[in-house]
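Notes for the one structure printed next.
For ligands, and for the atoms within them, numbers begin at 1 and follow the listed sequence. Computed from a predicted model, the values in this text were never measured in an experiment.
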Amino acid sequence: MKDKKVDAIKKIAKLISDNPDSKVIFLVGAGISTSCGIPDFRSPGTGLYDNLAKLNLPFAEAVFDIEYFEQNPKPFYTLAKELYPGNYKPSKFHQLMKVFQDKGRLHRVFTQNIDTLERAAGIHSDLLVEAHGSFALNHCISCKKEYPQNVFKDKMLAGEEFANCEECEGLIKPQIVFFGENLPRKFFLTWDKDVTELDDKSIVVVAGTSLAVYPFASLPEEVPKATTRALINLEKVGDFKTNPRKCDIFYSGSADGAATELAKELGWLSELDSLSKLL
Ligand code: CNA
């Protein structure tokens with residue numbers, strides 16, 4: 001490990017070890033799931049946006065655009081089939097967050113991901129905020145009838161071109177937040193409460209995100225100045241880049257690499273390894 005990475009891990013670990021009563025907030029994105037085989041959006045070459053050409057979209061973000069979905073749901077359904085929960089296993093980083101939970105040191109995970117790998121890793125629903133929704137709830141966009149997860153899943157896996165409502169033939173859509181849709185109330189309520197509980201002993205760890213999608217991207221700016229912010233990412237992003245703070249910590253590298261090194265530094269490596277074997 002290069003010196004800067006060692007340094008970053010040591011600083012994060014020290015803060016966590018020195019303050020045994022404090023709990024960590026994680027703000028995560030697609031980069032913590034790329035090692036599971038799920039491409040992120042924006043990594044050049046491998047990101048979904050570079051690979052959506054086969055879906056003939058007018059613009060890449062159209063796959064998550066509610067108006068475009070109403071006209072042509074096929075690209076989203078194609079993607080949903082690929083991303084569907086159950087096809088992938090949690091990464092080391094997901095597992096590390098579970099170890100934080102097991103140690104009683106997890107305050108919350110706010111995720112932008114829709115792959116539900118935090119659930120698969122065993123993060124409790126009360127400690128988890130799926131800011132952009134998930135595949136767990138589904139409804140007809142016309143008559144709003146709700147459908148259990150397996151209805152949508154079965155249709156996707158059976159290779160059906162469209163998932164239609166049995167009542168009105170409208171399109172069934174998982175409760176994933178599209179561009180132009182509101183985030184769940186739980187996101188705003190939980191963050192507003194959590195942010196008031198942060199102090200100079202707390203740490204907020206941001207990992208695997210380009211911090212490009214709002215309002216999620218504004219969370220690091222709202223962390224109080226007294227609280228340490230750490231970024232674990234392949235590149236420096238968002239407020240860490242535009243408004244860096246003196247006490248910011250930046251680990252430039254893979255989320256899984258950081259997870260293993262942090263577990264080692266905290267003396268939690270055997271717990272992380274045992275979990276890896278279970279999941
Ligand atoms: P993004 O914009 O694609 O950014 C990903 C970030 O992660 C980039 O800064 C990368 O450099 C970084 N990165 C990639 N691989 C790694 C790695 N191994 N270790 C550390 N950093 C890495 O994705 P965001 O999450 O920021 O964007 C928000 C969108 C992406 C949300 O609306 C999601 O729903 C959406 N998304 C989710 C998934 C998923 O659920 N797994 C996949 C693709 C996109």
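On a distance-only criterion, I114 and ligand 1 share at least one N/O pair closer than 3.5 Å.
Contact check on E166 versus K145 returns a salt bridge, with a Lys/Arg side-chain nitrogen under 4.0 Å from an Asp/Glu carboxylate oxygen. For D273 and K277, the salt-bridge test fails: no basic side-chain N is under 4.0 Å from an acidic carboxylate O. Using a cut-off of 4.0 Å between Lys/Arg side-chain N and Asp/Glu carboxylate O, E197 and R108 are scored as not salt-bridged.
At the top of the distance list for atom 41 (N) of ligand 1, counting protein heavy atoms only, stands D115 OD2, 2.7 Å. Of the protein's non-hydrogen atoms, the one nearest atom 23 (O) of ligand 1 is A30 CB, 3.6 Å. Nearest protein heavy-atom neighbour of atom 12 (C) of ligand 1: N233 OD1, 3.4 Å. Protein heavy atom in closest approach to atom 11 (O) of ligand 1: E235 OE2, 3.1 Å. Looking only at protein heavy atoms, the nearest one to atom 13 (N) of ligand 1 is G31 CA, 3.6 Å. The closest protein non-hydrogen atom to atom 27 (O) of ligand 1 is R42 NH1, 3.5 Å. With hydrogens left out, the protein atom closest to atom 33 (C) of ligand 1 is Q112 O, 3.1 Å, a heavy atom.
In summary, the aromatic rings of F152 and Y147 are positioned with their centroids too far apart to meet the 6.0 Å limit.
Ring orientation note: the planes of F187 and F216 are close to parallel, at an angle under 30° on the 30°/60° scale.
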